[in-house]
Participant: 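What follows is a structure written as structure tokens; I'll ask about it next.
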Amino acid sequence: MSKYILIPDSFKGSLSSAEICTIIAREIRRLEPEATVCSLPVADGGEGTVDAFLAAVGGQRVSAPCQGPYGQSMTACYGLLPDGVTAVVEMAAAAGLPLVGEDRRVADATTYGVGQLIAHALEHGAERIVLGLGGSATNDGGCGAAAALGVEFLDETGHAFVPVGRTLGRIAHIRMESVLPQLRQSEVVAMCDIDNPLCGESGAAAVFAPQKGADAQTVRLLDSGLRHLAQVAERDLGVSLLNLSGGGAAGGFGAGSVAFLGAKLQMGIETVLELTDFDRLAADADLVITGEGRLDSQSLRGKVVIGVARRAQKLGVPVVALVGGSEPSMDEAYAAGVSGIFPINPYPAPLEDAMPRCGEHLAFTARNLLHFVESLRKMS
């Protein structure tokens, strides 16, 4: 009896990771009804991260009151995994771009609600926080979340306030004495799939703030504020943030998670592989099937397909990537452990025509792949 591990990324704009797993699993069972299929939907840190982890390993959704991006009262959810001590918090749940709709005022948006979700998890027994950094409407350097967890930001008069993007420059001092005790005793892993620094031309404000509603003047204000935050953090906390790879993630929350939460920034796929116990599950697998919307040079920087392939290669298990599209030369992917790359579109078509039929094309390609694998198995 064959064993398959399904661990694809989503095809952005077409199919979620869970939907891809469902389609491929259906094709496997049509050909091999008795096959063992382990589906591990991949979370990238943005919206849907909690659902992906719960689908992969089980657990429960926990609801908690919190503030939204503009301070409005709301209820959001985080995931509590089956071990009872690992909580998955996606910042998009309380500070995500979809929550603001067309009212995009990034300089006024806060991550305070994210900190409230983390505090709720810690106060109810969580000892490890997996924080998904993605899909944010904010650019506050994570100060809002930190304030909700007890970090104090003081202005020149000694008055404590909750900074947002436009007021980061008012921070005169940072105090950590009142931080939630459970946070000091916990482990925080922040899922971060970009390497942008906190400030500058490739920083949080310059690259990401425009899509959150910032004009050129606001971008300059936000960048200046984040730079000021980094300077105060280095002086008061002894942590260097300006050159931190990934510090610019989620409006600077990447840097803020390190400075205020003691987080470890980690590629999302590495977090998924650890929490799903991939090495144990895949050790006796016949085939690992992964994929993403487009396999290109960016994929080689440690995204899903390459991250999966490197782990599977150490286990001696072949890996196939089903992708929406691929650059023609992917020798480095093969060197990393990918056995084969299969674009799913059966004929040339514009993207806008191909995307609505993505599920159909994925099923077609998976079916062909599985028939080929079955033929090889019978011949061996």
Participant: Can any side-chain N or O of Gln72 pair as donor or acceptor with the backbone N or O of Gln67 at less than 3.5 Å?
Facilitator: no
Participant: Is the backbone of Asp140 close enough, under 3.5 Å, to the side chain of Thr138 for a donor and an acceptor to pair up by distance?
Facilitator: no
Participant: Are Ser10 and Glu19 packed together at the side-chain level, in the sense that at least one heavy-atom pair is separated by less than 4.5 angstrom?
Facilitator: no
Participant: Would Phe253 and Thr111 count as a side-chain contact (heavy atoms from CB on, under 4.5 Å) here? Give the steps.
Facilitator: CA-CA 9 Å; Phe253 202 171; Thr111 55; 4.2 Å; yes
Participant: What distance do Phe364 atom CZ and Ile23 atom CD1 have between them, rounded to the nearest 0.5 Å?
Facilitator: 14.5 Å
Participant: Does Lys3 come within less than 4.0 Å of Asp286, counting only side-chain N to carboxylate O?
Facilitator: no
Participant: Does one side chain, of Arg235 or His173, offer a donor that lies under 3.5 Å from an acceptor on the other?
Facilitator: yes
Participant: Is the count of non-hydrogen atoms from other residues, nucleotides or ligands lying under 6.0 Å from Glu34 atom CD greater than 12?
Facilitator: no
Participant: Strictly below 4.0 Å, N to O, side chains only: are Asp277 and Arg280 in salt-bridge contact?
Facilitator: yes
Participant: Salt bridge or not for Asp83 and Arg128, using N-O below 4.0 Å?
Facilitator: no
Participant: Any idea which heavy atoms bring Leu99 and Ala92 closest together, and the distance?
Facilitator: CD1-O, 3.7 Å
Participant: So which heavy atom on Gly254 is nearest to which on Leu265, and how close?
Facilitator: O-CD2, 3.7 Å
Participant: Of all heavy-atom pairs between Val288 and Ala282, which one has the smallest distance, and what is that distance?
Facilitator: CG2-CB, 4.4 Å
Participant: How about Phe372: does its CZ atom have over 12 heavy atoms from other parts shown lying under 6.0 Å from it?
Facilitator: no
Participant: Quick check: Phe260 with Phe153 (ring centres under 6.0 Å apart)?
Facilitator: yes
Participant: If you measure from the Lys or Arg side-chain nitrogens to the Asp or Glu carboxylate oxygens, is any gap between Glu32 and Arg377 under 4.0 Å?
Facilitator: yes
Participant: Donor-acceptor pair, Asn139 side chain versus Gly252 backbone, under 3.5 Å?
Facilitator: no
Participant: I'd like to know if the side chain of Ser136 pairs up with that of Lys212 as donor and acceptor (distance under 3.5 Å, no hydrogens or angles considered).
Facilitator: yes
Participant: For Val239 and Ala259, work out which heavy atoms get closest and say how close.
Facilitator: CG1-CB, 3.9 Å
Participant: Specify the closest pair of heavy atoms between Ile171 and Cys143, including all atoms of both residues, with the distance to one decimal.
Facilitator: CD1-SG, 4.2 Å
